[in-house]
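Inspection log for the structure reproduced underneath, given as structure tokens.
As a basis for the values below, the full set of heavy atoms in this structure was taken, side chains included, without hydrogen atoms, waters or symmetry mates. Below, chain A is the first sequence line, B the second, and so on; all start at residue 1.
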Protein chains: 2
Amino acid sequence: MSVSYAQIQADHPGSFSHACPTRTVLDHVMSRWGVLILSALSDGTLRWGQLCRAVDGISEKMLASTLRTLTADSLVARESFPAVPPHVEYRLTDRGRELMERMLPLLEWIADNAEEITAG
Amino acid sequence: MSVSYAQIQADHPGSFSHACPTRTVLDHVMSRWGVLILSALSDGTLRWGQLCRAVDGISEKMLASTLRTLTADSLVARESFPAVPPHVEYRLTDRGRELMERMLPLLEWIADNAEEITAG
DNA sequence: CTGCATCCTCTCGGATACTG
DNA sequence: CAGTATCCGAGAGGATGCAG
């Protein structure tokens, strides 16, 4: 049996309604930069500078802001190594990896179909 | 073999870079209201008024605007029945259904974990 | 019933400069 | 290297009113 939206709402009454936590998570995870940061980290640990380059076009401000949100949601873990110069690593948590397992098939489909969709 | 972000980018060079069509599709499909409208339609055809009620909290302006975007992307089909009063139906296209097949597992995970994430 | 037009607000997000 | 602080514009998005 494949999952249906009706089934999800039956299992979670009130899901995706206005004030539901799902809306908050949706906003964080499906945000413009959130998706791309999570995707970049899905290939492994990255440092700040590497992330800045991996996520094409992101500003330092949005990188900092989005990383704070994702870290607060325990989807991304931040590890700081006291050293000069500073060294900070970001990686997915187990929860973040679970999320990306479900996100990547979607991204693959988008990569496969984006050209045709925007050509329309 | 499970899909990886690196593999997606290997198959589609330049994917998810700044000016890539994937960015546009991402913005449409993962937009605040786009997800919810597509989800509501994944259970079947709905009329304007039903959609307005199904997507809790949406304004008429954003419903119209988002529907136009999704229709232009051929993810949603609009069918108008000449009658008084007007009768208009919206449903997923085949392309839209393909998309939602990959989106729903993600939404299910979010529904399962949202409470714990926002509690953090 | 199904929208479009207008106005207004507020947040996202870019640019730039600065710090430990 | 890894951020923070500040300013500012553009666009998302809400409320209201009106049209076919």
Side-chain angles (χ1 to χ4, degrees), chain A residues 16-20 23-41 44-73 76-91, chain B residues 16-20 23-41 44-73 76-91:
Chain A
F16 303 106
S17 62
H18 189 48
C20 182
R23 288 283 183 98
T24 305
V25 175
L26 228 44
D27 280 350
H28 293 179
V29 153
M30 319 271 273
S31 73
R32 179 167 188 188
W33 299 115
V35 185
L36 297 170
I37 290 177
L38 290 167
S39 298
L41 291 177
T45 298
L46 289 178
R47 299 177 56 175
W48 168 277
Q50 295 176 306
L51 260 176
C52 226
R53 269 168 273 121
V55 180
D56 188 35
I58 196 172
S59 66
E60 293 188 352
K61 176 186 174 179
M62 290 318 295
L63 181 57
S65 157
T66 310
L67 277 175
R68 259 193 307 261
T69 301
L70 297 176
T71 304
D73 290 343
V76 169
R78 176 187 188 278
E79 190 171 8
S80 167
F81 299 87
V84 179
H87 182 109
V88 179
E89 291 185 352
Y90 294 92
R91 57 183 168 72
Chain B
F16 302 106
S17 63
H18 189 47
C20 182
R23 288 283 183 99
T24 305
V25 175
L26 228 44
D27 279 351
H28 293 180
V29 154
M30 320 271 274
S31 72
R32 178 165 189 188
W33 299 115
V35 185
L36 298 170
I37 290 177
L38 289 167
S39 298
L41 291 177
T45 297
L46 288 178
R47 297 178 55 178
W48 168 277
Q50 294 176 307
L51 261 176
C52 226
R53 269 168 273 119
V55 180
D56 189 34
I58 196 171
S59 66
E60 293 188 351
K61 177 184 173 180
M62 289 317 296
L63 181 56
S65 157
T66 309
L67 276 175
R68 252 180 281 127
T69 301
L70 297 176
T71 304
D73 289 342
V76 169
R78 176 186 189 277
E79 189 171 10
S80 166
F81 299 87
V84 179
H87 181 107
V88 180
E89 292 185 352
Y90 294 93
R91 56 182 169 73

Round to a whole Å and report the spacing from [atom1] of [X] to [atom2] of [N].
X     : N      : atom1 : atom2 : value
A:H28 : C:dT11 : NE2   : P     : 14 Å
A:D27 : D:dG13 : CG    : C1'   : 12 Å
A:L63 : C:dC12 : CG    : C1'   : 15 Å
B:I58 : D:dA15 : CD1   : C1'   : 15 Å
A:E79 : D:dA2  : CD    : P     : 13 Å
A:L51 : D:dG3  : CG    : C1'   : 13 Å
A:E89 : D:dA2  : CD    : P     : 9 Å
B:R32 : C:dT11 : CZ    : P     : 11 Å

Minimum heavy-atom distance between B:E60 and B:W48, given as atom pair plus value
O-CH2, 3.8 Å

Shortest side-chain distance from [X], nucleotide among [options]:
X     : options                : answer
A:R78 : D:dT4, C:dT2, D:dA2    : D:dA2
A:W33 : D:dG20, C:dG14, C:dG20 : C:dG14
B:W48 : C:dT2, D:dG13, D:dG3   : C:dT2
A:E60 : C:dA17, C:dG14, C:dG20 : C:dA17
B:K61 : D:dA15, C:dT2, D:dT6   : D:dA15
A:R68 : D:dT4, C:dG13, C:dT2   : D:dT4

Taking C-beta and beyond as the side chain, do [X] and [Y] meet within less than 4.5 Å on heavy atoms?
X     : Y     : value
A:I37 : A:L63 : yes
A:L26 : B:L36 : yes
B:V88 : B:R47 : no
A:D73 : A:V29 : no

With a non-hydrogen cut-off below 4.0 angstrom, is A:Y90 in contact with a base, only sugar-phosphate, or nothing?
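It contacts sugar-phosphate atoms only.
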
Which is more 5' along DNA chain C, the nucleotide nearest B:Q50 or the one nearest A:M62? Just name the residue.
B:Q50

